[in-house]
Amino acid sequence: MSGHSLISAARAAKRPALDEQAGKSLLAEFGVVVPRSAAVNDAAGVDAVFARLIAPLVVKIMSPDILHKSDAGGVKVGLKSASEVRNAINAMASSPKIKGARIDGYLIEEMAPAGQEIVIGGLHDPQFGQLVMVGLGGIFVEVLADVSFRICPITRLDAQEMLDDLKGAAILAGARGRKAVSRDAIIDVLLKVGGENGLLMQHADDIAEADINPLIVSENSAVAVDARFILSKNNE
Ligand code: ADP
Ligand code: MG
């Protein structure tokens, strides 16, 4: 499905946001790398898709009622066999925080190569229009609010400056014995999201908020492992 049809389908279903799978399809359409994945309705569906994916795998709950999947026990990483995947799904289905929710299914996906977690976001400002944001993941964003914003569309130079603006920029270069991660891969995603022909500009009328959290950046890749797009209200 194209981005426009994914958005229309969500609107037709009266959903305020794209689900994770639709969000990742939208990112993939703009050339952002997302994990290979398959969705199943329940544990019985696992055998049909397991052989097509390369373990270790991740299972995630897909529910319009659950925004923070990990908090609800709805993410399980590092699953090596079909039976581990089935067990994870069954455990989720019976966990208290998930039981009462509307469940669309379970997303089974490949693990991204290990790396630094980055956040890339977007939001619509009534005065300035689409804004794009980048920050380092985890406590850097949540506790230290170490983020950098620009008005879209951004240029390559803007994207470079956004990374230089971060107080934790040295982390990307491999501070404290860690491996350096690919700045170019992050810049590339920033342009695909916030650049001239990027996702936020192309879908400016429909997207009120975007949140890629995290983008996992390694030495030579950047993979968007979680994506959420909130649709604007004034365009139904
Ligand atoms: P939520 O933010 O709703 O709790 P995420 O999809 O972000 O759920 O998953 C939670 C965490 O699990 C991520 O921040 C990341 O550390 C890890 N994770 C999720 N999907 C993958 C993946 N495909 N590869 C590697 N790690 C992953
Ligand atoms: Mg997340």
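Index from 1, following the sequence. As the structure lists them, so they are numbered: ligands from 1, and atoms in each ligand from 1.
- At most 12 heavy atoms of other shown residues, nucleotides or ligands fall within 6.0 angstrom of atom NZ in K76.
- The N, O or S atom of D226 lying closest to the Mg ion (ligand 2) is OD2.
- The closest protein non-hydrogen atom to atom 17 (C) of ligand 1 is V77 CG1, 4.2 Å.
- Set against the non-hydrogen atoms of L67, the atoms of ligand 1 under 4.0 Å away are 3 (O).
- For ligand 1, the polar-atom distance check finds no N/O of H68 at less than 3.5 Å from any of the ligand's N/O atoms.
- Of all atoms in ligand 1, numbered sequentially from 1 with element shown, those under 4.0 Å from a heavy atom of P35 are 23 (N).
- Here the closest non-hydrogen pair linking G74 and I98 is CA-CD1, 3.9 Å.
- One of the N, O or S atoms belonging to N213 lies under 2.8 Å away from the Mg ion (ligand 2).
- Contacts between K69 and ligand 1, counted as non-hydrogen atom pairs separated by less than 4.0 Å, involve both the backbone and the side chain.
- Under 4.0 Å from ligand 1, the heavy atoms of E117 that appear belong solely to its side chain.
- L26 and L6 get closest at one heavy-atom pair: N-CD1, 4.0 Å.
- When heavy-atom distances to ligand 1 are checked against a 4.0 Å cut-off, D71 has no atom that comes that close, whether in backbone or side chain.
- The nearest heavy-atom contact from the protein to atom 26 (N) of ligand 1 is I216 CD1, 3.7 Å.
- Side-chain contact between V134 and R150: absent, with no pair of heavy atoms (C-beta onward) separated by less than 4.5 Å.
- Looking at atom 27 (C) of ligand 1, its nearest protein heavy atom turns out to be V225 CG2, 4.0 Å.
- Considering only non-hydrogen atoms, atom 23 (N) of ligand 1 lies nearest to E109 out of E109, R228, E20, K76.
- Taking 4.5 Å as the limit, some side-chain heavy atom of L157 sits within range of a side-chain heavy atom of Q160.
- In the model, S221 has a side-chain atom that pairs as donor or acceptor with a side-chain atom of S218 under 3.5 Å.
- Heavy-atom contacts of N213 reach the following atoms of ligand 1: 7 (O) (cutoff under 4.0 Å).
- With respect to atom 6 (O) of ligand 1, the closest heavy atom belonging to the protein is K60 NZ, 2.7 Å.
- At the top of the distance list for atom 5 (P) of ligand 1, counting protein heavy atoms only, stands D226 OD2, 3.5 Å.
- Closest approach of V58 to M111, counting heavy atoms only: CG2-SD, 3.1 Å.
- From the protein, the heavy atom lying nearest to atom 24 (N) of ligand 1 is A112 N, 2.9 Å.
- Between L57 and K80 there is no side-chain heavy-atom pair separated by less than 4.5 Å.
- In this structure, E161 places its CD atom where more than 12 heavy-atom neighbours from other residues, nucleotides or ligands lie under 6.0 Å away.
- No more than 12 heavy-atom neighbours from other residues, nucleotides or ligands sit within 6.0 angstrom of CZ on R178.
- Put simply, no part of I66 is less than 4.0 Å from ligand 1, judged by heavy atoms.
- Looking at V223 against ligand 1, nothing comes within 4.0 Å, counting heavy atoms.
- In this structure, the side chain of S70 does not engage the main chain of V75 through any donor-acceptor pair within 3.5 Å.
- In this structure, the protein non-hydrogen atom closest to atom 10 (C) of ligand 1 is S70 OG, 3.4 Å.
- Aromatic ring pairs are classed by plane angle as parallel below 30°, tilted from 30° to 60° and perpendicular above 60°; the pair F30 and H203 is perpendicular.
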